[in-house]
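Structure, as structure tokens:
Here is the naming used below: chain letters follow the sequence lines, and residue numbers restart at 1 for every chain. Note that the structure is a prediction, hence the values are computed from the model and not measured.
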Number of protein chains: 2
Amino acid sequence: MAEKQYRIGEFAKLVGLSTYTLRYYEDQGLILSQRDDNGVRFYTEHDIRWVGFILHLKGTGMRLNELKRYVKLRAEGDSTIGERREMLQQIKNEAEAEISERQMHLKVLEHKIKWYDEKQAHTIDDSETFHDYLQRFHD
Amino acid sequence: MAEKQYRIGEFAKLVGLSTYTLRYYEDQGLILSQRDDNGVRFYTEHDIRWVGFILHLKGTGMRLNELKRYVKLRAEGDSTIGERREMLQQIKNEAEAEISERQMHLKVLEHKIKWYDEKQAHTIDDSETFHDYLQRFHD
DNA sequence: AAACACCTTCGAGTGTACTGTAAGGCAAGA
DNA sequence: TCTTGCCTTACAGTACACTCGAAGGTGTTT
């Protein structure tokens, strides 16, 4: 049984990207498409998996340029596995650092929300260590 | 003892923004500055705290437009506290959702790194539940 | 006197990742 | 036949948040 083939419109809906974006990614060398006798693009399950993966990478914060580089290395074969691993490791480190930073900022925001609640209830009573720093942000 | 006053250049270094950005934020209504007799901007500790706070808000993912709205509400007084609280709560929810999503993408990336390591060591042995899904991304 | 830091308005440039349009053409289905 | 969906190249437009430069000015410091 031959694998199902999807034309760009159907494929776009499947992977959640626009046809514009799919052609754009192809221009950029991130994805490949096969063509039928009329030159019309078609995609298979394999392409769904690949697009799924690059969306995961993008979701971690990887940029198109980095993705391009990654794809280029991948095309060069197994000898570049070490380098690819290092790329992913770096992306991972950066993403984790950004998440921590964002969580720190969120702590301040949470504290402000709490402060609003207390102010509304006229029952301000706070003795956390964090308190001194945070008080500076309240009028 | 009068509070120290900072001109824009010094202040920019203190808060980690460029003088361009400070004037831009002022144009946008995010910050205010006092002026000396010659019309030269100066800032005080109070402004350091305020800029610190808006940088925390920005750090959670809040956009300039939202920040503008927040500042406008703040200027309207305590009657808008409820609305401000809701704004912050929404930003918090969005930020937490984005963090979770990013962590999910990171899990895939981590798995790929692990897969590279195993491939390099020729000892692939993996029996996690997650495994079936993730295998789809490896060539 | 020259250098320096600041002031103004206004508009152009930067980077990222798309998103869309124009203008022309092909092939299959109702 | 007409519509729909696809194809191409090439370029303009969008959103966001700056970032910078021009061109003219003031006041303080060396």
Side-chain angles (χ1 to χ4, degrees), chain A residues 4-44 47 51 53-72 91 94-95 98 101-102 105, chain B residues 4-44 47 51 53-72 91 94-95 98 101-102 105:
Chain A
K4 168 113 209 250
Q5 297 183 353
Y6 308 93
R7 289 172 63 171
I8 199 169
E10 196 182 358
F11 187 66
K13 277 167 199 154
L14 276 174
V15 298
L17 294 173
S18 69
T19 58
Y20 297 128
T21 304
L22 286 171
R23 292 199 198 93
Y24 173 67
Y25 280 4
E26 189 172 324
D27 280 350
Q28 301 299 304
L30 298 187
I31 54 184
L32 287 173
S33 59
Q34 300 176 75
R35 304 300 180 109
D36 68 15
D37 293 343
N38 297 311
V40 173
R41 283 175 185 82
F42 69 87
Y43 305 88
T44 65
D47 299 305
V51 171
F53 182 58
I54 71 177
L55 290 181
H56 278 307
L57 293 186
K58 265 185 61 59
T60 63
M62 202 165 170
R63 298 170 178 293
L64 288 206
N65 276 344
E66 298 171 303
L67 220 22
K68 282 185 210 173
R69 173 156 171 64
Y70 181 84
V71 172
K72 192 173 150 273
I91 296 294
E94 288 167 4
E98 278 171 39
E101 209 186 302
R102 201 147 177 198
H105 291 306
Chain B
K4 169 115 209 250
Q5 297 184 352
Y6 308 93
R7 291 173 64 171
I8 199 169
E10 196 183 356
F11 187 66
K13 277 168 199 151
L14 276 174
V15 298
L17 294 173
S18 70
T19 58
Y20 297 126
T21 304
L22 286 171
R23 291 199 199 93
Y24 173 68
Y25 280 5
E26 190 172 324
D27 280 351
Q28 301 299 306
L30 299 186
I31 53 183
L32 287 172
S33 61
Q34 299 176 77
R35 304 299 180 107
D36 68 15
D37 294 343
N38 297 310
V40 173
R41 284 174 185 83
F42 70 87
Y43 304 88
T44 65
D47 299 305
V51 171
F53 181 57
I54 70 177
L55 291 181
H56 279 308
L57 293 187
K58 265 184 63 58
T60 62
M62 203 164 169
R63 298 170 179 293
L64 288 206
N65 275 345
E66 299 172 303
L67 220 23
K68 281 185 209 175
R69 171 154 173 65
Y70 181 83
V71 171
K72 193 174 150 273
I91 296 295
E94 288 166 5
E98 277 171 41
E101 208 187 302
R102 200 147 177 198
H105 291 306

Distance, rounded to the nearest Å, where [X] contributes [atom1] and [N] contributes [atom2]:
X: A/L22; N: D/dG5; atom1: CG; atom2: P; value: 16 Å
X: B/F42; N: D/dG27; atom1: CZ; atom2: C1'; value: 16 Å
X: B/D27; N: D/dT19; atom1: CG; atom2: P; value: 15 Å
X: B/M62; N: D/dA17; atom1: CE; atom2: P; value: 11 Å
X: B/L17; N: D/dC18; atom1: CG; atom2: C1'; value: 11 Å
X: B/R41; N: D/dT26; atom1: CZ; atom2: P; value: 18 Å

Exercise for the section: Please say whether more than 12 non-hydrogen atoms of neighbouring residues, nucleotides or ligands are located less than 6.0 Å from NZ in A/K72. Expected result: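 Counting other residues, nucleotides and ligands, NZ of A/K72 stays at 12 neighbours or fewer.
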Problem - Contact boundaries on DNA chain C for chain B, cut-off under 4.0 Å to non-hydrogen atoms - result: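 Using the under 4.0 Å cut-off, the span is C/dC6 to C/dT8.
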Exercise for the section: Could you tell me whether B/R63 and B/E94 make a salt bridge, using a distance below 4.0 angstrom between a side-chain N and a carboxylate O? Expected result: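 So B/R63 does not pair with B/E94 through a salt bridge.
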Practice task
Could you tell me whether B/E66 and B/K58 have a side-chain N and a carboxylate O separated by less than 4.0 Å?
Solution key: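 So B/E66 does not pair with B/K58 through a salt bridge.
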Problem - From A/E10 atom CD to A/L14 atom CG, the distance as rounded to the nearest 0.5 Å - result: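 Taking CD in A/E10 and CG in A/L14, the distance rounds to 6.0 Å.
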Handout entry: Residues B/L17, B/L55; criterion side chain to side chain contact (heavy atoms under 4.5 Å, CB included); working and verdict
Key = CA-CA 10 Å; B/L17 294 173; B/L55 291 181; 4.2 Å; yes
Under 4.0 angstrom between [X] side-chain N/O and [N] OP1 or OP2:
X: B/Y24; N: D/dC20; value: no
X: A/K13; N: D/dG5; value: no
X: B/N38; N: D/dT28; value: yes
X: B/T21; N: D/dT19; value: yes

Practice task
Would you classify A/S18 as touching base, sugar-phosphate or nothing, given that sugar-phosphate means primed atoms plus P, OP1 and OP2, and contacts are heavy atoms under 4.0 Å?
Solution key: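 Sugar-phosphate contact only.
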Exercise for the section: Output the single nucleotide from D/dG27, D/dC6, D/dT19 whose closest atom is nearest the side chain of A/I8. Expected result: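 So the side chain of A/I8 is nearest to D/dC6.
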Exercise for the section: Output the single nucleotide from D/dT8, D/dT19, D/dG5 whose closest atom is nearest the side chain of A/R23. Expected result: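 From the listed options, D/dT8 comes nearest.
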Handout entry: Residue whose nearest DNA chain D nucleotide is more 5′ - B/N65 or B/R7
Key =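 Nearest-nucleotide comparison on DNA chain D picks B/N65.
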Problem - Heavy-atom side-chain proximity of A/F11 to A/R41 below 4.5 angstrom - result: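 No, too far: nothing below the 4.5 Å cut-off.
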Practice task
List the steps and the verdict of side chain to side chain contact (heavy atoms under 4.5 Å, CB included) for A/L67 and A/Q28.
Solution key: CA-CA 10 Å; A/L67 220 22; A/Q28 301 299 304; over 6 Å; no
